[in-house]
Every structure is written in structure tokens, then in C-alpha cells.
Amino acid sequence: MIETDVATITEMLKGFALGFGLDLLGAILILVVGWWVAGRAAALVRHSLRNAKFVDATLKPLAASIVRYAILVFVIIAVLSNFGVETTSIIAVLGAAGLAIGLALQGTLSNIAAGVMILILRPLKIDEFVEAGSVSGTVVEITLFTTLLKTPDGVFISAPNSQIWNSAIKNYSRNPTRRLDIKVGISYDDDVDAALEFLTNLVASDERVLKDPEPMSFVANLGESSVDLTARGWVNTSDFWPTFFDLTRKSKTELEAAGFSIPFPQRDLHIVESPETASAAKTAAKPAAKKPATRSRSTATKTATKTTAAKKTSEPKS
């Protein structure tokens, strides 16, 4: 009787182990294949949209990520169903888990919501130079959670989407033209009108400066040591920095060559003395009367001895 029960239990364990082993092997196979398919599908979408002109460059990496994660969700459901878990229960578990995760990761989910809003409203795009809050740089990529930027000096920045979305965004690349201001100071002795005309002609002579609106110059400020002038013109956004650097250099070299002086900050001090202060200063300036030097006691004694000896020597002998 006991041997029959042991044999029955052994057969049951063998059948369970064989069935569970096949299920486990099938789950691993589904997971590996599904993971590979998800990666290949994301790469295919990225490659297909690379040269697609009708799709914005900002949406291409996001579309590939959505395809990959969607396939992985179905793979996980298939793995669980392979172990006999009901699909309805899987959906219920996923819903409850999603609610719990959503409450625990409110900040992370806010990044996803901010990323979606950025992609819908598109205040910034790839290859645009933007400033948002404390970060600035050229947009490299916008993911579900972060925005990747590159600063002009080559530093990589990964900023949360919520930080970008909740800040005022300055996009320096969106408009086709930008205003260019060249500021320079001249001496108070120089001819202001001639300097203004010279700066206007200097800006207008650059081919990169647009003719409409016309370049202009004006007095911006009367400083402590200089008359501050501003030369203004409009250029294409791509030509802004090269034109700014060239005209800033020329405004210094050519103004000086034309006879204008660019003063450095200086200040004139005028000291006013009251009669009491002047009298005290004269008294302090008078040299003190010299006092006769006091000889020491030993020196005085030696002098007196020498004098007495000299007198005795000078007396005639009787």
C-alpha cells in the first residue's frame, strides 16, 4: 500500500516537473524572442523615420520608444498567461499596480506628461538652442522622461521634462532673424553726431546685415566717463554670432582709426578744504625745532678733565 502511494506521488511529481519545466522553458523562450523583436521593431521604426520629411525629428526617437515598450508589455502578458494566469486577472493586476506606481512616482509621471506636452506644442525642437530656467544648450533629443541638451562648450545636460516645461523657454533659433546691438563708448570731447553716422555706416557695410529694417545708431546712455552709443541692425539667426564678433572688433579698431577715442572708466576728485583744516595742515607741515643734543655724564666728565689738564700745562713755571 505504501509502495503504491510512493509510486503515485513520484509519477505526479514527474508530471508536474515536466509540465512546469516546459512552461518555464516556453516562458523564457517567449521573453527572449519578444525582447529581441521589441528591439528590432524599435530600430526598424527609427530607421524608417530617419529620412521621413513628413515626421518631425523630435517625434522620431519617441515613436521608436513607444513601439518597443508596447511590444514588451504584450510579451510580459504572454509570459504570465503561459503559466496559466487569466488575462482578465492580469489586466486587473496591471491596473492596480499602475495606480500604486502612479501614486508613488508622481514626479516621474509628471515628466512623462511634460514630455507629451512638449511634443504636442513643440516650444523646442532638435538642433534648436534654448534656455529654460537654469539650463541652456542645443536640443539633442527629447525622451519620455528627460530632455537632452549640449552646451556650446560641449557639456552634456540631461534635464527632467517637468523642469523644462515649468520654466519660461527662450528659443534663440525659432525666429528666422535676430536683432544685433553693438555697444561702444566715446569720449565727451568727441563729435557725437559724427560717431553715430560712422557706426551706422559701419553696420550697414556688412553684407550679413539686412537692409530692412535699416541699421541705425543712437545715444544709449551718458556714462560717468563716456558717451555710450549703440549701433543696431538685423541679421539672419544663423549669422548672429559671427556678425556680432566681427562688428564688435571693428567698432573698436575703426573708431580709433577715424580719430575717435574710447575712454576707460575714470573719476576726477576735487578736494575742498575748510579754513580750520588748512590751518591744521600748515601747523603739521612746519618742521619741529631741533633741541641741542644732551651729552652723557661720562662724556662731560672726560671733557672737563681734558680742560683742567690743558690749563695746568699752560701755566708758567715759577
Side-chain angles (χ1 to χ4, degrees), residues 53 56-58 118 121-140 142 147 149-155 157 159 164-165 167-268:
K53 297 182 179 180
D56 191 88
T58 309
I118 291 175
L121 299 179
R122 293 190 292 181
L124 50 92
K125 298 179 182 179
I126 293 177
D127 295 333
E128 289 184 339
F129 188 88
V130 299
E131 178 182 347
S134 59
V135 298
S136 62
T138 302
V139 180
V140 177
I142 301 175
T147 298
L149 303 101
K150 182 180 179 181
T151 62
D153 54 348
V155 178
I157 297 179
I164 301 294
W165 179 250
S167 302
I169 299 175
K170 291 183 179 180
N171 193 326
Y172 293 92
S173 304
R174 180 61 57 88
N175 293 332
T177 59
R178 287 185 61 183
R179 192 184 73 189
L180 180 71
D181 287 349
I182 304 297
K183 299 180 180 180
V184 63
I186 62 173
S187 174
Y188 273 93
D189 297 331
D190 291 334
D191 189 344
V192 176
D193 294 332
L196 291 175
E197 183 180 359
F198 183 87
L199 286 176
T200 302
N201 296 332
L202 176 65
V203 174
S205 64
D206 195 300
E207 297 179 353
R208 293 165 294 187
V209 177
L210 302 177
K211 305 303 178 183
D212 187 20
E214 293 183 358
M216 59 176 298
S217 299
F218 56 89
V219 177
N221 183 39
L222 298 177
E224 294 183 356
S225 58
S226 64
V227 179
D228 300 330
L229 309 180
T230 298
R232 175 170 294 175
W234 287 81
V235 297
N236 293 323
T237 301
S238 58
D239 296 332
F240 179 84
W241 288 113
T243 309
F244 177 79
F245 294 144
D246 290 342
L247 289 180
T248 301
R249 177 180 57 83
K250 289 181 179 180
S251 64
K252 197 267 183 187
T253 58
E254 297 192 13
L255 270 176
E256 289 181 339
F260 298 96
S261 59
I262 301 178
F264 54 86
Q266 56 186 346
R267 179 173 295 175
D268 296 332

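We number each residue from 1, following the sequence as shown. The figures here come from the full heavy-atom set of this structure, side chains too, leaving out hydrogens, waters and symmetry mates.
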*Asks:* Could you tell me whether a side-chain N or O of Asn201 sits under 3.5 Å from a main-chain N or O of Glu197, the two making a donor and an acceptor?
*Replies:*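 It does hold such a pair.
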*Asks:* Could you go through Leu222 and Asp228, starting from their C-alpha distance and side-chain angles, then the distance that decides it, and tell me whether this counts as side chain to side chain contact (heavy atoms under 4.5 Å, CB included)?
*Replies:* CA-CA 6 Å; Leu222 298 177; Asp228 300 330; over 6 Å; no
*Asks:* Provide the closest heavy-atom pair for Phe129 versus Pro152 in the form atom of the first, atom of the second, distance.
*Replies:*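 Closest approach of Phe129 to Pro152: CE1-CG, 3.7 Å.
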*Asks:* Decide yes or no on side chain to side chain contact (heavy atoms under 4.5 Å, CB included) for Val135 and Ile164, but give the supporting numbers first.
*Replies:* CA-CA 9 Å; Val135 298; Ile164 301 294; 3.9 Å; yes
*Asks:* For a 4.5 angstrom cut-off between non-hydrogen side-chain atoms, does Leu180 reach Trp234?
*Replies:*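 The answer is no, as the side chains (C-beta and beyond) never meet within the 4.5 Å cut-off.
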*Asks:* Answer yes or no: is there a side-chain heavy-atom contact under 4.5 Å between Val219 and Val192?
*Replies:*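 Val219 reaches Val192 side chain to side chain.
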*Asks:* For Ser167 versus Ala132, what's the shortest heavy-atom pair and its separation?
*Replies:*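 Heavy atoms only, the tightest pair is CB-C, 4.0 Å.
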*Asks:* Atom CD of residue position Glu214 - does it have more than 12 heavy atoms of other residues, nucleotides or ligands inside 6.0 Å?
*Replies:*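 No, not enclosed.
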*Asks:* Does either side chain, that of Thr237 or that of Asp239, offer a donor lying less than 3.5 Å from an acceptor on the other one?
*Replies:*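 Absent: no donor and acceptor within the cut-off.
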*Asks:* Within the structure provided, determine whether Lys250 and Leu202 are in side-chain contact (heavy-atom separation under 4.5 Å).
*Replies:*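 Yes. Closest side-chain heavy atoms under 4.5 Å.
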*Asks:* With a 4.5 Å cut-off on side-chain heavy atoms, are Leu121 and Trp165 touching?
*Replies:*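 Result yes, sub-4.5 Å side-chain heavy-atom pair found.
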*Asks:* Where do Thr147 and Ile157 land on the side chain to side chain contact (heavy atoms under 4.5 Å, CB included) test, with the steps shown first?
*Replies:* CA-CA 8 Å; Thr147 298; Ile157 297 179; over 6 Å; no
*Asks:* Can you give me the closest heavy-atom contact between Pro123 and Ile118, atom names plus distance?
*Replies:*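 Pro123 and Ile118 have their closest heavy atoms at CD-O, 3.5 Å.
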*Asks:* Which residues satisfy the side-chain hydrogen bond (donor to acceptor under 3.5 Å, both in side chains) test with Ser173, sequence neighbours excluded?
*Replies:*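 Ser173 satisfies side-chain hydrogen bond (donor to acceptor under 3.5 Å, both in side chains) with no other residue.
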*Asks:* Once you round to the nearest 0.5 Å, how far does OG of Ser226 lie from CD1 of Ile262?
*Replies:*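 If we round to the nearest 0.5 Å, Ser226:OG and Ile262:CD1 are 9.5 Å apart.
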*Asks:* With rounding to the nearest 0.5 angstrom, report the CD to CG distance, Glu128 to Asn171.
*Replies:*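 Here the interatomic distance stands at 4.0 Å.
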*Asks:* How close do Phe198 and Ala258 get, heavy atom to heavy atom, and via which atoms?
*Replies:*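 Taking Phe198 first and Ala258 second, the nearest heavy atoms are CE1-CB, 3.9 Å.
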*Asks:* Could you verify whether a donor N or O on one side chain and an acceptor N or O on the other, from Thr151 and Asp153, lie under 3.5 Å apart?
*Replies:*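 Their side chains do contain a donor-acceptor pair, which is all the 3.5 Å distance test asks for.
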*Asks:* So Val227 and Ser187, do their side chains get closer than 4.5 Å, heavy atoms only?
*Replies:*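 Side-chain contact under 4.5 Å: no.
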*Asks:* If you apply the rule side chain to side chain contact (heavy atoms under 4.5 Å, CB included), what do you find for Val139 with Asp127, and how did you get there?
*Replies:* CA-CA 5 Å; Val139 180; Asp127 295 333; over 6 Å; no
*Asks:* Can you tell if the side chain of Val209 reaches within under 4.5 Å of the side chain of Leu247, non-hydrogen atoms only?
*Replies:*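 With C-beta onward as the side chain, the pair touches.
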*Asks:* Report yes if the side chains of Leu229 and Ile182 come closer than 4.5 Å at any heavy-atom pair, otherwise no.
*Replies:*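 No, too far: nothing below the 4.5 Å cut-off.
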*Asks:* Look at Asp246 together with Arg208 and state whether they make a salt bridge at an N to O cut-off of under 4.0 Å.
*Replies:*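 So Asp246 pairs with Arg208 through a salt bridge.
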*Asks:* Kindly give the heavy-atom pair with the smallest separation between Met216 and Thr200, and that separation in Å.
*Replies:*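 Of all heavy-atom pairs spanning Met216 and Thr200, the closest is C-OG1, 4.0 Å.
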*Asks:* With a 3.5 Å distance limit and no angle check, can you tell me whether Asp191 reaches the backbone of Asp193 through a side-chain donor-acceptor pair?
*Replies:*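 A pair under 3.5 Å: yes.
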*Asks:* Side chain of Asp206, backbone of Thr243: donor and acceptor closer than 3.5 Å?
*Replies:*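 No, the answer is negative, given that no donor and acceptor are paired below the 3.5 Å cut-off.
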*Asks:* Short question: side chain of Lys170, backbone of Gly133 - any donor-acceptor pair under 3.5 Å?
*Replies:*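 Between the backbone of Gly133 and the side chain of Lys170 there is no qualifying donor-acceptor contact (under 3.5 Å).
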*Asks:* What is the ring orientation for Phe240 with Phe244, classed by angle as parallel under 30°, tilted 30 to 60°, or perpendicular over 60°?
*Replies:*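 It falls in the parallel class, under 30°.
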*Asks:* Specify the closest pair of heavy atoms between Val203 and Pro215, including all atoms of both residues, with the distance to one decimal.
*Replies:*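 Taking every non-hydrogen atom into account, CG1-CB, 3.9 Å.
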*Asks:* State the CD1-CZ distance between Ile169 and Arg174, to the nearest 0.5 angstrom.
*Replies:*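 Between Ile169 CD1 and Arg174 CZ, I get 9.5 Å after rounding to 0.5 Å.
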*Asks:* So, taking the atom named CG in Leu199 and the one named CZ in Phe218, what distance separates them when rounded to the nearest 0.5 Å?
*Replies:*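 Reported to 0.5 Å precision, the distance equals 11.0 Å.
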*Asks:* Roughly how far, to the nearest 0.5 Å, is the OG atom of Ser251 from the NZ atom of Lys183?
*Replies:*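 Output value for this atom pair is 12.5 Å.
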*Asks:* Rounded to the nearest 0.5 Å, what's the gap from CG on Leu196 to CD1 on Ile186? Could you check?
*Replies:*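 CD1 of Ile186 is found 7.0 Å from CG of Leu196.
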*Asks:* With the side chain counted from C-beta on, respond yes when Tyr188 and Pro263 share a heavy-atom pair under 4.5 Å apart, and no when they do not.
*Replies:*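 Tyr188 vs Pro263: side chains apart.
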*Asks:* Do Arg179 and Asp181 meet the salt-bridge criterion of a basic N to acidic O distance under 4.0 Å?
*Replies:*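 Answer for the salt bridge query: yes.
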